[in-house]
Amino acid sequence: MKRRIEEVLERTLAAARREGKLGSSTNEPVSVEVPKDREHGDIASNLALTMARSERKSPRAIAEILREHLDDPEGWITSSEVAGPGFLNLRLSPGFWRSELARLSAEPALGVVSEEAGKRAQVEFVSANPTGPLTVGHGRNAVLGDTVARLLSTAGYAVEREYYFNNAGRQMKVLGASVRARYLEEIGRPSEFPEDGYQGDYIRDIARSLRHEHGESLADHEGNAFRAAAESAIFAEIRRTQERLGIVFDHYFNEDSLYASGAIERVVAALDERGLVDRREGAVWLVGEKVGLEKDRVLVKGTGEPAYRLPDIAYHEDKLARGFDLIVDVLGADHISQHRDVAAALVALGHDISTIRAVIYQFVTLTRHGEQVKMSTRRAEYVTLDELLDEVGVDAARFFFLCRKSDSHLEFDLDLARKRSTDNPVFYVQYAHARISNLFAEAGRQGVAVPEGPANASLLEPLGESEEFELIGQIALYAETVALAARELEPHRIVFYLQELAASLHRYYNRHRILGDEAPERVTARLVLLHVVQRTIAAGLGILGVSAPDRM
RNA sequence: GCGCCCGUAGCUCAGCGGAUCAGAGCAUCGGACUUCGGAUCCGAGGGUCGCAGGUUCGAAUCCUGCCGGGCGCGCCA
């Protein structure tokens, strides 16, 4: 929609220049905006303001010249005015809006262009080690990552979802020891629970099932057997939770493979060759000063084991080597500095890291009855993601996780998410979809056909209400909203867009009766409009991974 | 102390590649149904955009400093 008006202005600018009313030296980018305030027209341009300096004329004077030269052979613009400091405010004609709707009705993708077609993207997310059930925090990560992946697909990328994990480190040893202690308790043997062991009930559950399976025969086994059992049980849970959310990974990447392939040693050797490491106090350090970091960082601990960041560097080298056009890391705010270390090391090793982008999210707090739900990972007092899904459902969970900019803290209101009423934004949007389905069902009962294919502009002639043009304007913005959200990796933009579209629909629905109009052509035209609106809502919800129900 | 993020209406948050800009939802108050589901809609009140400087013709938006909150600053992951 914007593009079509921008073309009008580009021609206008050229015409004014030909006539010598404006200088021809510069090549101004023409852009238009949809004003928030209806008073400012359907569409507006600040072109005169941006040109003021090079033209050495007042913005208002330039705007006036543009206004007089408007090159609009199709009659899209019904009125124009110069406003404020020099904006050109335009009102668009019914014919323009009808042609927009006709265009959209014929577009399966609603105007979304696969700008990045042919490119490959990878999104790495969740990446929790299998030491316990996924928490609410993981939930934000999971839903963000999956939705970013969906957005990138929409933009044309071939997307791979990857989960990176380590089932070999110290944490896993502690896990094994924790399960072993609980197992011994179960069979009535003396046991000592590890100081920093995992307290959660799920450890007892695993221990109990081990007893059911093996009786007391494991009593003399070391932690390893318990660790392996715990890992597979916990991983199965993690996958099940993800599946509930509609998330399926293409690859699970085990950190172990980086040891097996020698990749980790090669990273140390390469850094060493470049003189970027220091050996002291029994450890191998990455020298901060030489790679642009504030402090030195340990790569290999005194025990000979790599610190977390070393395999992470090797992992990112591996990702880079796989030739993706875009690599997205979804991580919590507590991992930012870690990520910076990795980036610094990669640059120092001569890699181009411009394809790597991070989506960083702040923490989630839960509120119930207006009070914050206290959580402590240490004492295993936290709400698991599964419990959250049990309580509010998948649709509400996904929608709520996405309804804030990832950079903002997210206050998740459990009471609101569970409500089946208008206050709940998920239901508000879903209801708009269901409402249209319901209307179509009613039309069917009345023997009125719902036109689903492309509609030509003449069929849409009966559309004339301002709410109808407002709705068309909304759906015409869908494509660019999706494009922007994909480019910026910002799913929340879709959430806000859908809330506004739903509001426009409800407003329209409330003010105008669709069926029962004495003019059948008007009924048909309105059904065409509603059908495209419904497709748009369904497509937007689809990107969020939220269902678009026909009845609620 | 240093780094990153945040600070916008009573609450939760958009807007922040400068410009007709002070916005949405919730909450509060007041309205609209012989209805295609009122699970909706309409209206009202409410904010020196944390504070102070600076850049600019123009700043919620860019820069600097300060204040307040979160997260890091591990030979944990």
Side-chain angles (χ1 to χ4, degrees), chain A residues 33 35-37 39-41 44 46 48-50 52-53 58-59 81-89 127-129 131 165-166 169-172 174 196 255 281-285 293-295 297-309 311-312 332-340 360-363 365 367 370 403-413 416 419-425 427-428 430-432 434-443 445-446 448 488 492-493 495-496 499-500 502-503 505-516 523 526 530 551-552:
Chain A
E33 291 296 323
K36 202 178 338 184
D37 189 341
E39 292 291 303
H40 304 142
N46 65 350
L49 290 152
T50 61
R53 192 181 301 268
S58 82
E81 63 174 25
V82 175
F87 283 93
L88 190 56
N89 292 347
S127 295
N129 288 339
T131 58
F165 70 102
N166 172 20
R170 198 188 78 88
Q171 304 285 335
M172 296 300 293
V174 174
D196 52 355
E255 189 183 310
E281 299 156 37
V284 179
W285 300 72
L293 293 172
E294 289 194 353
K295 288 183 167 183
R297 301 288 187 183
V298 168
L299 292 170
V300 182
K301 304 186 230 175
T303 59
E305 291 172 82
Y308 175 78
R309 64 180 62 80
D312 208 8
D334 54 338
H335 283 65
I336 296 177
S337 58
Q338 180 65 230
H339 198 257
R340 244 195 303 269
I360 291 157
Y361 62 93
Q362 300 290 332
F363 292 147
T365 53
T367 61
C403 73
R404 301 281 176 258
K405 195 170 50 173
S406 73
D407 245 347
S408 289
H409 288 269
L410 171 60
E411 190 168 303
F412 197 119
D413 185 333
L416 182 61
K419 264 195 205 170
R420 301 177 59 79
S421 77
T422 170
D423 315 348
N424 184 340
F427 280 85
Y428 184 79
Q430 289 182 317
Y431 178 48
R435 209 170 199 186
I436 295 172
S437 289
N438 196 60
L439 180 76
F440 289 168
E442 177 62 23
R445 283 190 287 276
Q446 297 181 14
V448 177
E488 302 293 326
H492 76 277
R493 291 179 182 276
V495 174
F496 283 90
Q499 292 188 81
E500 281 176 26
L505 181 275
H506 289 310
R507 185 161 40 244
Y508 175 53
Y509 186 93
N510 212 266
R511 279 192 197 162
H512 301 285
R513 250 189 110 70
I514 313 303
L515 299 173
V523 173
R526 289 179 164 178
L530 290 180
R551 50 192 320 159
M552 302 175 61

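Within every chain, numbering begins at 1; the chains are lettered A, B, ... in the order of the sequence lines, protein sequences first and strands thereafter. It should be emphasised that the depicted structure is a prediction, and the values quoted were computed from it without experimental measurement. Computed from heavy atoms alone, side chains included, the values below leave out hydrogens, waters and symmetry copies.
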**Student:** Using a heavy-atom cut-off of 4.0 Å across all strands, would you classify A/His512 as base, sugar-phosphate, or nothing?
**Tutor:** base
**Student:** When you compare B/G58 with B/C26, how far apart are their P atoms, in angstrom units rounded to a whole number?
**Tutor:** 38 Å
**Student:** Within the 4.0 Å heavy-atom criterion, would you say A/Arg340 contacts the bases, only the backbone, or no part of the nucleic acid?
**Tutor:** sugar-phosphate
**Student:** Could you verify whether a donor N or O on one side chain and an acceptor N or O on the other, from A/His409 and A/Arg404, lie under 3.5 Å apart?
**Tutor:**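 No pair is found: no donor N or O on one side chain lies under 3.5 Å from an acceptor on the other.
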**Student:** Using only side-chain N and O atoms of A/Lys301, determine if any of them is under 4.0 Å from OP1 or OP2 of B/G74.
**Tutor:** no
**Student:** Just checking A/Lys405: base, sugar-phosphate only, or nothing, at a heavy-atom cut-off of under 4.0 Å?
**Tutor:** base
**Student:** Think A/His409 has a side-chain N or O under 4.0 angstrom from the OP1 or OP2 of B/U12?
**Tutor:** no
**Student:** Can you check whether A/Leu530 reaches A/Leu505 side chain to side chain, under 4.5 Å on heavy atoms?
**Tutor:**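 The answer is yes; the side chains approach within 4.5 Å.
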**Student:** Closest nucleotide of RNA chain B for A/Tyr308 versus for A/Arg493: which of these residues is on the 5' side?
**Tutor:** A/Arg493
**Student:** For B/C36 and A/Arg435 - does any side-chain N or O of the residue sit under 4.0 Å from the phosphate oxygens OP1/OP2?
**Tutor:** no
**Student:** A/Tyr428 side chain N/O closer than 4.0 Å to the phosphate oxygens (OP1, OP2) of B/C41?
**Tutor:** yes
**Student:** Can you tell which of B/C41, B/A19, B/C36 lies closest to the side chain of A/Glu442?
**Tutor:**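 Side chain of A/Glu442 sits closest to B/C36.
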**Student:** Whom does B/G68 pair with, Watson-Crick or G-U wobble, provided both distances fall under 3.5 Å?
**Tutor:** B/C6
**Student:** Closest to the A/His492 side chain: B/U20, B/G15, B/C71?
**Tutor:** B/G15
**Student:** Among the candidates B/A19, B/G70, B/C75, find the nucleotide nearest to the side-chain atoms of A/Ala283.
**Tutor:** B/C75
